[in-house]
Each structure stands twice: as structure tokens, then as C-alpha cells.
*Asks:* 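Below is the structure I would like to discuss, written out as C-alpha cells.
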Amino acid sequence: MNMHPDCERIMLTEDQLRARVREVAEKVDKDYDGKRPLVVGILKGSIIFYADFIRFLTMPVELDFMAVSSYGSGAVSSGKLNIKKDLDRDVKGRDVIIVEDIIDSGFTLANLKALLTERGAASVSIATLLNKAERREYGVAPDYNCFDIENEFVIGYGLDYNEQYRHLPYIGILKRSVYEK
Ligand code: 5GP
Ligand code: MG
């Protein structure tokens with residue numbers, strides 16, 4: 001596989017991603033048997049995971065998206081979540097599955113889960129591609145997670161650095177020289 005020159009190394013290959021996303025999606029499919037969940041993708045980081053994930057689901061699903069940001073990109077998120085694009089659908093009474101690229105401090109997902117619960121969702125679960133468990137500061141955990149990873153800055157498969165690298169088909173560790181210059 002051709003590795004982008006800004007990558008230190010490939011952490012997860014396309015094959016590893018496909019196999020594990022399938023495994024997790026099949027578990028979700030079983031758990032939601034008989035239901036019709038609203039699958040909420042968090043833009044933009046989740047797009048590739050989301051697209052792969054939903055194609056392994058056999059139950060009827062409805063798709064929707066949100067875009068959120070927390071001010072500042074440092075280790076400590078402060079303030080409330082900023083909703084840049086809200087859902088099209090009403091979540092009242094719905095079983096919601098939030099699909100997110102990565103859970104780090106947990107700020108984003110703790111706030112999103114609280115928001116959708118407050119809006120009257122029947123249930124809210126969280127599916128993440130990556131989990132940096134050691135970085136958690138907020139009391140939230142994914143119900144479904146594909147990979148636990150070390151505290152490294154990763155890119156690709158939807159994840160960016162300054163809006164670059166999202167299209168890389170693998171998860172790579174970004175070279176420090178790229179963001180430390
Ligand atoms: P949290 O709110 O859990 O602290 O942060 C979640 C968000 O931080 C993710 O949605 C993502 O945008 C960003 N993030 C955290 N770690 C990484 C990483 O290693 N690479 C990239 N590209 N984004 C990250
Ligand atoms: Mg994100």
C-alpha cells in the first residue's frame with residue numbers, strides 16, 4: 001500500500017478496518033433487531049466509517065447528520081457544544097445511534113448524548129471507530145467501539161488535520177513534523 005509521506009506509519013489498514021467495522025455493525029444489527037433506528041453521523045470525521053458501517057446493517061434504518069464543534073482544539077474543551085448543522089429528523093421516541101470517528105476527552109459525545117436524550121429520544125447509543133480511553137475526562141463510553149488506540153494523533157478514513165488527509169483509506173499516525181513546524 002502506498003503510504004502518504006506525512007504519515008509516520010499506518011496504524012490500521014483497509015483490511016483491518018473493513019473486518020472490524022463489519023463485526024461491530026453485525027453486533028449492532030443483532031442488538032436492534034425489530035427496531036428502526038435513526039443513525040446519526042457526526043460530520044465530517046465519521047463519513048467513511050459511517051458509509052462502511054451502514055452497509056453492513058440489514059435492519060431498516062434512517063440516516064441523518066449533525067455537524068458540531070467545540071471551541072478550541074486543545075486537550076481541554078470548554079463551553080457548550082456548538083451545533084453547526086442540526087438534524088433534519090425529530091428524535092422524539094426514536095432509537096438513536098450516534099456514529100462518531102473518535103472519542104477522546106468525551107466532551108463531544110457526552111454533550112450530544114445529553115442533547116438527544118433531552119429532546120426525547122427513546123434511546124441513544126454511541127458507535128465509535130476509535131477510542132482513546134486514557135484521554136477520557138467526561139463520563140461517557142461508547143456502546144460499540146471498533147478499536148482502542150494509544151494517544152497518537154491519527155488521520156485518514158475520515159479523520160483530518162487542517163481538513164487534509166480525510167480521503168486516505170487507512171488510519172495513519174501523522175508525523176509530528178507536520179504539526180510541530
Ligand atoms: P472529544 O470531544 O472526545 O474530546 O474529541 C472528539 C473529537 O476530537 C473528534 O471528533 C475529533 O474531531 C477530534 N480528535 C481527537 N483525537 C483525534 C485524532 O487523533 N485525530 C483527529 N484527526 N481528530 C481527533
Ligand atoms: Mg469529530
Side-chain angles (χ1 to χ4, degrees), residues 3-14 16-17 20-21 24 28 39-54 63-87 96-118 124-181:
M3 187 177 76
H4 192 289
D6 291 349
C7 275
E8 184 69 44
R9 68 177 170 87
I10 291 175
M11 181 186 270
L12 297 163
T13 65
E14 287 187 73
Q16 287 174 309
L17 288 162
R20 180 61 182 150
V21 169
V24 169
V28 173
V39 186
V40 173
I42 308 307
L43 300 171
K44 302 172 211 171
S46 76
I47 57 162
I48 300 182
F49 171 43
Y50 186 97
D52 283 349
F53 176 81
I54 58 172
L63 314 185
D64 209 340
F65 299 91
M66 281 180 96
V68 298
S69 65
S70 47
Y71 285 108
S73 53
V76 184
S77 313
S78 58
K80 271 260 170 187
L81 207 61
N82 174 31
I83 300 176
K84 296 193 286 186
K85 183 232 174 288
D86 210 335
L87 297 170
V96 176
I97 304 170
I98 301 174
V99 177
E100 173 65 311
D101 51 1
I102 184 166
I103 179 166
D104 189 45
S105 72
F107 175 85
T108 308
L109 285 169
N111 279 283
L112 269 177
K113 187 169 181 169
L115 177 71
L116 300 185
T117 302
E118 190 181 298
V124 180
S125 74
I126 294 170
T128 46
L129 177 71
L130 306 171
N131 180 25
K132 287 183 183 172
E134 88 179 53
R135 299 252 311 155
R136 199 62 27 81
E137 292 171 42
Y138 296 82
V140 65
D143 301 275
Y144 306 96
N145 174 56
C146 299
F147 300 96
D148 287 310
I149 63 165
E150 302 294 304
N151 185 22
E152 304 266 17
F153 193 84
V154 292
I155 50 160
Y157 199 72
L159 290 100
D160 76 312
Y161 174 68
N162 278 348
E163 293 301 326
Q164 294 296 302
Y165 315 113
R166 291 193 195 275
H167 64 299
L168 300 180
Y170 49 83
I171 295 282
I173 298 175
L174 187 63
K175 278 184 181 161
R176 286 189 166 270
S177 58
V178 175
Y179 55 90
E180 281 178 353
K181 65 189 167 196

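In listed order, ligands and their atoms are each counted from 1.
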*Asks:* Would you call Leu130 and Ile103 a side-chain contact if the rule is heavy atoms closer than 4.5 Å?
*Replies:* no
*Asks:* Please could you name the atoms of ligand 1 that Leu159 approaches to less than 4.0 Å, counting only its heavy atoms?
*Replies:* 20 (N), 21 (C), 22 (N), 23 (N)
*Asks:* Walk me through it: do Phe53 and Leu129 pass the test side-chain contact (heavy atoms from CB on, under 4.5 Å)?
*Replies:* CA-CA 10 Å; Phe53 176 81; Leu129 177 71; over 6 Å; no
*Asks:* Between Leu43, Asp104, Asn131, Leu112, flag the one that comes closest to atom 5 (O) of ligand 1 by a heavy atom.
*Replies:* Asp104
*Asks:* Begin from the C-alpha positions of Asp6 and Lys175 and carry the test salt bridge (charged side-chain N to carboxylate O under 4.0 Å, His left out) through to its verdict.
*Replies:* CA-CA 6 Å; Asp6 291 349; Lys175 278 184 181 161; 6.0 Å; no
*Asks:* Which of the numbered atoms in ligand 1 are below 4.0 angstrom from a heavy atom of Asp160?
*Replies:* 21 (C), 22 (N)
*Asks:* Near Gly106, which atoms of ligand 1 are under 4.0 Å from a heavy atom of that residue?
*Replies:* 1 (P), 3 (O), 4 (O)
*Asks:* Given the rule in the side-chain contact (heavy atoms from CB on, under 4.5 Å) test, do Ile42 and Val68 qualify, once you have shown the distances and angles that lead to the verdict?
*Replies:* CA-CA 7 Å; Ile42 308 307; Val68 298; 4.0 Å; yes
*Asks:* Under the salt bridge (charged side-chain N to carboxylate O under 4.0 Å, His left out) rule, what do Glu163 and Lys44 come out as? Steps first, then yes or no, please.
*Replies:* CA-CA 9 Å; Glu163 293 301 326; Lys44 302 172 211 171; 3.0 Å; yes
*Asks:* Under a 4.0 angstrom heavy-atom cut-off, which atoms of ligand 1 come close to Glu152?
*Replies:* 19 (O)
*Asks:* How does Leu109 reach ligand 1, by side chain, by backbone, by both or by neither, if only non-hydrogen atoms under 4.0 Å count?
*Replies:* neither
*Asks:* Look at ligand 1 and say whether Arg135 reaches it with a heavy atom at a distance under 4.0 Å.
*Replies:* no
*Asks:* Mark the output for Ile155 as yes if a heavy-atom distance to ligand 1 is under 4.0 Å, and as no if none is.
*Replies:* no
*Asks:* For side-chain hydrogen bond (donor to acceptor under 3.5 Å, both in side chains), just list the numbers for Thr128 and Asn145, CA-CA rounded to whole Å, side-chain angles, deciding distance to a tenth of an Å, and then say yes or no.
*Replies:* CA-CA 5 Å; Thr128 46; Asn145 174 56; 3.0 Å; yes
*Asks:* Give yes if a backbone or side-chain nitrogen or oxygen of Tyr161 is under 3.5 Å from a nitrogen or oxygen of ligand 1, and no if not.
*Replies:* no
*Asks:* Do Asp52 and Tyr157 get their side chains close enough for a donor-acceptor pair, meaning under 3.5 Å?
*Replies:* yes
*Asks:* I'd like to check which ligand 1 atoms, numbered from 1 as shown, lie under 4.0 Å from a non-hydrogen atom of Thr108.
*Replies:* 1 (P), 2 (O), 5 (O), 6 (C)
*Asks:* Which atoms of ligand 1 have any heavy atom of Asp101 under 4.0 Å away?
*Replies:* 9 (C), 10 (O)
*Asks:* Of all the atoms in ligand 1, which lie at a distance below 4.0 Å from a heavy atom belonging to Lys132?
*Replies:* 16 (N), 17 (C), 18 (C), 19 (O)
*Asks:* So Val99 and Val39, do their side chains get closer than 4.5 Å, heavy atoms only?
*Replies:* yes
